[in-house]
Amino acid sequence: MTTRIDTRSLKEAYPIEDIVGRYGIELRPSGRSLIGRCPFHVDRGRPNLAVYPASRTWYCFRCGCGGDAISFVQRMEGLGFRDAVARIQGTVERPEVPRVRPAPRRWMTGRHSPAWGPDERACLAAAVEIYHNRLLSDDRALAYVEARGLDLPTLERHRVGYASGDELAGYLRWRGLPLQAAARVGLVRRDGREFLAGRVVVPEIRAGQPVWLIGRSLDSTPYPDVPKYLGLPGRKPLLGWESTTSAESVWLTEGVFDWLTLRRWGLPAVALVGTHAGAAAVRALSRFPRIYLALDSDAAGQAAAADLVSALGPRAMVVQLPGVKDVADLATLPNGDATLLHAVGRAQLAAA
Ligand SMILES: [Zn+2]
């Protein structure tokens, strides 16, 4: 015997617009419905998800699918009917933010992400999800990334997000994920605040699973002791490694936005996230017959490029960026990609 679930009173107690909003999907009034971006397809341009508070239903005009709050949760999380009901009812529970010791800050050393357990991995995935949904509906954050020359397909392909700073803990509770696990991976501080709050967040994704996150402050460092970039604790990976797996050549850059710029142009690329390339990074790169070094044109970048040439040998080719500080600066120029490829041509001529 199973208990009968009174779906009608459940849907009355938990309005559909609140349930959809739990996943970081912003809804704007439009006539008698609310409109937002559909999470079940890549929803570019005009948003396609309609939510009808009066009938407690939703519908996506692109996917051609819809239902009620329960079916929305089922689809979002791949849950069965009863688990989805339990998830919805679970919203009334508000466990306290645990006091835990965060992982040691070792984010500038090493290159391998720790092997997290299922809870930690689920927290990282949930954070990437809510941050990505937030970016697509946050005008200020979206304006920032667009001003840096990035387009929507690039942001979607690489699951770029924005940490608003006040959503993650509630979202993790809603998903039934332990906040202790989020604290262990460094997403949540000891005082319960979000580690990457106020930052554009770029995940490193391996086999579909985010393993590490780095955030860039929207403001140009509001306080002198606040770094422009902040990465989660644990070892820093070569950012974007999976974009290179079937490539014959690879581009190596310093920064997160350099990397996103190269990815926008469809080039296989990784970022050091800094200038330091350790022995493991050099080993990983040496499998490529050709490595284009597109590091910053300042003294530190050029010194790092020279070190890499001596470590990697003739397979490494230094690309001198013409009249710009870094690759990301090319993103906002009208023919930035052509300018970069001309620079490669010059480097190849010089080598020949
Ligand atoms: Zn859809």
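One-based numbering, in listed order, for ligands and for the atoms of each. Note that this is a predicted model, so its numbers are computed, not measured.
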(Q) Whether E242 and R206 form a salt bridge (side-chain N of Lys/Arg under 4.0 Å from carboxylate O of Asp/Glu) is what I want to check. (A) no

Q | Total protein N, O or S atoms, the Zn ion (ligand 1), separation less than 2.8 Å | A | 4

Q. Does R75 make a cation-pi contact with F40, if we ask for NZ or CZ under 6.0 Å from the ring centre and within 45° of the axis?
A. yes

Q.
Holding to ring pair (Phe, Tyr, Trp, His ring centres under 6.0 Å), I want the full list of residues that pass it with F61, two or more places apart in sequence or in another chain.
A. Y59

**Q.** Cation over ring face, R148 and F257, 6.0 Å, 45°
**A.** yes

Q | Pairs meeting criterion salt bridge (charged side-chain N to carboxylate O under 4.0 Å, His left out) with involvement of residues 59-70, two or more places apart | A | K11-D68

Tabulate below the donor-acceptor pairs under 3.5 Å that side-chain atoms of residues 316-326 make, not counting sequence neighbours, or state none.
residue	atom	partner	partner atom	Å
D326	OD1	A328	N	3.3
D326	OD1	D329	N	3.0

